[in-house]
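The basis for the numbers below is simple: all heavy atoms, side chains too, and nothing from hydrogens, waters or symmetry mates.
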Amino acid sequence: MAISFYKYQGTGNDFVMVDNRKHVFPAEDEALVKHLCDRRKGIGADGLILLQDHPDYDFEMVYYNADGRVGSMCGNGGRCTVRFARQLGVIEDVAYFLAADGEHQASIEREQIHLKMNDVKEVEQIGEDYYLNTGSPHYVRFVEDVQNLDVYEEGRAIRYNERFKEVGTNVNFVQRLSDNEIFVRTYERGVEDETLSCGTGVTACALVASLKGMQSPVKVKVLGGELQVAFEQNEDGSFKHIYLVGPAKQVFTGSIPIQ
Ligand SMILES: N[C@@H](CCC[C@H](N)C(=O)O)C(=O)O
């Protein structure tokens, strides 16, 4: 048996996408997801996404990390799924879909996809660092020189520390570039390595940047390109109307045999 797949990327965060409206993908097969995401023995990706029918939404996005486990929300993957849905003819230029963290709306404006993220109620301060959930859990640390940082080693040290080792966390290192721009590098849980971009991570970093005086929208450079995050802050410190804006592209399509 073979599975038809599509490969997408959003600022270098790459995904195997499967049109699962007819339930072609074997349910909860962790080993298969891990195999398909393997960069040497499979297709290669940071994650795998199933686009599925849902009675109350345009579609449902089911996201798996590259290690085969069901993930939480994925911001880059969300934008890629919206582009995929458009290319399949499931939506026009506006989408209303369900993901692991609840409902999302999105609109396609040429190259850019505007994805509404869920409200963020709480930002915890841990020493000089921050921890928040933007659909996925994120640890945020501001540094002076993010380019020369060993993101793998320093990210792993936080991801596997006593507090996070059970559930895990994504770890973001942020450098302020100007009054409205930051540079972010992320160690991603489930990939267990640095990726070229993490959308929920970029969102978390922009919100933390605003706590340090930056105004919305915040421009974000990542290794794989550029994103923008717009938001509003409530008087109680929580955040609403959060939008992650950036590109999402199809890279290639194919078919892969599975047993
Ligand atoms: N790459 C994603 C985030 C993926 C989730 C993460 N690996 C986790 O397990 O929390 C993004 O673009 O947001």
Side-chain angles (χ1 to χ4, degrees), residues 10-11 13 15 46-47 49-52 54-65 69-85 91 94-109 112-125 130-140 164 167-172 174 182 184 186 188-190 195 197-211 214-218 220 222 227-248:
T11 53
N13 206 190
F15 309 98
D46 294 326
I49 296 170
L50 303 178
L51 183 148
Q52 303 190 159
H54 191 288
D56 302 325
Y57 299 89
D58 292 327
F59 58 86
E60 180 179 7
M61 160 190 169
V62 181
Y63 174 72
Y64 296 89
N65 278 316
R69 298 195 199 155
V70 175
S72 29
M73 175 55 182
C74 178
N76 289 321
R79 295 197 323 284
C80 287
T81 312
V82 170
R83 180 79 74 199
F84 183 38
I91 56 162
V94 173
Y96 181 49
F97 69 96
L98 189 66
D101 65 336
E103 299 173 359
H104 290 268
Q105 290 171 357
S107 59
I108 302 173
E109 293 180 24
Q112 303 291 305
I113 310 238
H114 296 237
L115 172 62
K116 186 166 188 302
M117 308 296 282
N118 282 323
D119 294 353
V120 171
K121 302 246 172 327
E122 206 185 347
V123 180
E124 182 186 346
Q125 190 155 3
Y130 298 83
Y131 181 63
L132 62 161
N133 196 310
T134 51
S136 289
H138 284 279
Y139 192 92
V140 176
F164 299 115
V167 185
T169 184
N170 301 281
V171 184
N172 305 272
V174 192
I182 54 178
V184 174
T186 305
E188 235 185 270
R189 170 182 81 164
T195 56
S197 172
C198 177
T200 48
V202 158
T203 305
C205 294
L207 300 184
V208 172
S210 85
L211 300 179
M214 214 169 262
Q215 306 274 313
S216 168
V218 174
V220 189
V222 292
L227 291 155
Q228 201 171 83
V229 183
F231 51 85
E232 286 173 33
Q233 192 171 16
N234 296 308
E235 280 181 7
D236 66 2
S238 61
F239 293 91
K240 63 180 177 183
H241 302 153
I242 306 168
Y243 285 85
L244 173 67
V245 182

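Partners of T169 according to the side chain to side chain donor-acceptor pair (under 3.5 Å) rule, which considers only residues two or more places apart in sequence or in another chain, do not exist here. K240 is linked by a side chain to side chain donor-acceptor pair (under 3.5 Å) to N234, counting only residues two or more places apart in sequence or in another chain. Applying the side chain to side chain donor-acceptor pair (under 3.5 Å) criterion to R83, with sequence neighbours excluded, gives no partner residue. By the ring-ring contact (aromatic ring centres under 6.0 Å, His included) test, F97 pairs with F59, H104, sequence neighbours left out. Residues satisfying the side chain to side chain contact (heavy atoms under 4.5 Å, CB included) criterion with E60, sequence neighbours excluded, are Q52, H54, V62, L98. For Y63, the ring-ring contact (aromatic ring centres under 6.0 Å, His included) criterion is met by no residue, not counting sequence neighbours. Residues forming a ring-ring contact (aromatic ring centres under 6.0 Å, His included) with Y96 (at least two apart in sequence, or on another chain): Y57. In this structure Q215 satisfies the side chain to side chain contact (heavy atoms under 4.5 Å, CB included) test with no other residue, sequence neighbours excluded. Checked against side chain to side chain contact (heavy atoms under 4.5 Å, CB included), E124 has the following partners two or more places apart in sequence or in another chain: I126, Y131, R163. Every side chain to side chain donor-acceptor pair (under 3.5 Å) that S197 has, sequence neighbours left out, goes to T11, N76. Considering only residues two or more places apart in sequence or on other chains, A209 meets the side chain to side chain contact (heavy atoms under 4.5 Å, CB included) condition with F142, I182, M214.
A side chain to side chain donor-acceptor pair (under 3.5 Å) check over residues 199-211, counting only residues at least two apart or in different chains, returns the pairs H138-T200.
The nearest pair of heavy atoms linking A230 to S216 is CA-OG, 3.3 Å. For N172 against C205, the heavy-atom pair with the smallest separation is CB-SG, 3.4 Å. Summarising the geometry of P137 relative to N170, their closest heavy-atom pair is O-ND2, 2.9 Å, with the distance given to 0.1 Å. Across G135 and S72, no two heavy atoms sit closer than the pair O-CB, 3.1 Å.
The CG atom of N118 lies 8.0 Å from the CD1 atom of I242; values are rounded to the nearest 0.5 Å.
Side-chain contact between F239 and V123 is present, with heavy atoms from C-beta onward closer than 4.5 Å.
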